[in-house]
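First the proteins, then the strands, lettered A, B, ... as listed; each starts at 1.
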There are 2 protein chains.
Amino acid sequence: MPMRGTIIHGPGDIRFEERPDPTIIEPTDAIVRTVATCVCGSDLWRYRGINEVPQPTPIGHEYVGVVEEVGSAVTSVRPGQFVVGGFLTSDNTCPLCRAGAHANCRNRTGYDGCQAELIRVQNADGTLLATPERPADDLVPGILALSDVMCTGWHAAVCADVRPGGTVVVVGDGAVGLCGVLAARELGAERIIAMSRHADRQAVARRFGATDVVAERGDAGVEAVKELTGGVGADSVLECVGTDESVAQALRSARPGGMVGWVGVPHITDIPQEHMFWKNVGLRGGPAPARAYLPDLLERVWEHRIEPGEVFDLTLPLEKVAEAYAAMDERRAIKALLRP
Amino acid sequence: MPMRGTIIHGPGDIRFEERPDPTIIEPTDAIVRTVATCVCGSDLWRYRGINEVPQPTPIGHEYVGVVEEVGSAVTSVRPGQFVVGGFLTSDNTCPLCRAGAHANCRNRTGYDGCQAELIRVQNADGTLLATPERPADDLVPGILALSDVMCTGWHAAVCADVRPGGTVVVVGDGAVGLCGVLAARELGAERIIAMSRHADRQAVARRFGATDVVAERGDAGVEAVKELTGGVGADSVLECVGTDESVAQALRSARPGGMVGWVGVPHITDIPQEHMFWKNVGLRGGPAPARAYLPDLLERVWEHRIEPGEVFDLTLPLEKVAEAYAAMDERRAIKALLRP
């Protein structure tokens, strides 16, 4: 029986279908049997018809699983190991990876759909990280979160220059924003203001370290941040949405001399420069260099110092993937975990 | 006899005129008798008619001099001391100054024209820094450079995250860009690529630490930087011009994951976001927090570890200020120093 995987056929049209089993093509490939996968906020751009779906396309880029087979050149993982990989592959050896910019690896690739029973992982040595042993089941969601959202929240915090004792605002209460709160706490922020108007997400934000929650947006949201920061604004702002409104709100929430880390995939007309130069507010970010952060973050998860798996508030069998999309689209779930 | 000072009446119309002596208005004021002042690249925006001159306006914001008189609340400088101050005043006590963002001090002010014989300095305690003793004459240009261009070049390097061993590109070969080269060297950069097509400026860049000089601009300039950096681009780029072309060139010269420090006063239509997010290239900068950098930089100048005064390649009597503007406008001089 061939494996099954998720195909997006068009807006709102997610199907779980039989597909050919992936095989080793390059000697640097690995085949991973999925233990858990999930739906990303960025997958919703196509689901909602904001990004085009020109043809039926395998979808999904987050996974943990067990190595089934490796190509002849793979040396750092072996069949039977439990592994996690980032949402883009990287060789971990090119000049950009050596500079820590793994998301821009010269040999990076995406995946042919990770919401599937089997996954072909290119650049296996430079992408996959094996756990010390097969994890207990309660560790799986936390490790899965490292394949994208926790690395992405961490990247936002690093780019926003979060420092011990600092004040941080997090714009966006999706899984990435919530992981950004957790990252800010781990990096020593003293004050963490989560922008959120959903009670369930506010609760996770609090557990992840938010000291304040602001429900307002736009002008009112900026005003509330100013009030909480003595009229000054935040040292660091994490932009985890990607719209014109959220980018402007993030820049305006920073104090003069502050820094905005942006990781929300931008769907913006332009960067509002009027909030930058004269205020000395900077902007840095992009896709997270997952492999750069994975070793440190895996250790934090493994030792239960962080529990990013709490962003998953819905677990479904993989074959119910269409329901996972619908639940996230309708905001009935923060993030859905899928198990084959 | 009243003092004399420089008034810009309109594009190309610089006059040295009698003006009322400045007086102490606030108890935090000081009056400084100018020892040296200079013309800034940003003064040329009005001289060239790019920025408007709605009415005759005193001009100039760079100076060193001797304190003549202080207000009753001033405690850190006293009459007779030789002082330097930044191009904006700062109180050095507000929350923004405490965060190092002196250029955005809540009580910041500009000046009523520093290309003059006497200058009123507001926020004297938080702005002026006295030298250990009256400097030898050969130190005066270097100290004067700290009132703007050296602090601004330093700010570009700090914002561009220049680190020991790093590769740096400097876009702009005006006095600020040249000081940026010097700052990059002091911050430990290993490779410093100066973009310059003027032999005199290239020579200063080399003396300041440039390891490579690239004369090309635009696409060809970006290509040359790529060739010099193994196809990767620079870790840090200093944008010291402020035009659409220079900002785009700076962003494109950075490697993925790199950082652009921008200090060229922006006269741009928009920030080209296509060179940022997906390349993980950041942008940070603005007016330099001069007072934050002054103590460190004054020490470096005082001990002759840096000689930023080399950017002055023309010295004129203050009353010849109109000729100083003309020489800089026509690029006959990098930067003109004026002595009363």
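- Annotation: residues 277-287 of chain A contacts chain B through A:Phe277, A:Trp278, A:Lys279, A:Asn280, A:Val281, A:Gly282, A:Leu283, A:Arg284, A:Gly285, A:Gly286, A:Pro287 [non-hydrogen atoms, separation under 4.5 Å].
- Open room surrounds CZ on B:Arg217; 12 or fewer heavy atoms of other groups in view lie less than 6.0 Å from it.
- For chain A, the nearby part of B:Val263 is the backbone; its heavy atoms alone come within less than 4.5 Å.
- No more than 12 heavy atoms of other residues, nucleotides or ligands sit less than 6.0 Å from atom CZ of A:Arg163.
- Using a 4.5 Å cut-off between heavy atoms, B:Thr269 touches chain A through its backbone atoms (N, CA, C, O) alone.
- The contact list for residues 165-190 of chain B toward chain A, using heavy atoms and a distance under 4.5 Å, is empty.
- The shortest heavy-atom contact between A:Ile271 and B:Met276 is CD1-SD, 3.7 Å.
- Across all their heavy atoms, A:Arg106 and B:Val232 have their closest contact at NH2-CG2, 3.3 Å.
- With a 4.5 Å cut-off on non-hydrogen atoms, B:His155 touches chain A through its side chain but not through its backbone.
- Considering only heavy-atom pairs separated by less than 4.5 Å from chain B, the leading option among A:Val265, A:Val260, A:Asp235 is A:Val265.
- Interface residue B:Ala99: backbone and side-chain heavy atoms are both found under 4.5 Å from chain A.
- Checking side-chain atoms of A:Gln273 against main-chain N and O of B:Pro266 turns up no donor-acceptor pair under 3.5 Å.
- Among B:Gly261, B:Gly264, B:Pro272, B:Ala103, the residue making the largest number of heavy-atom pairs under 4.5 Å with chain A is B:Gly264.
- Of all heavy-atom pairs between B:Pro256 and A:Ala101, the closest is O-CB, 3.5 Å.
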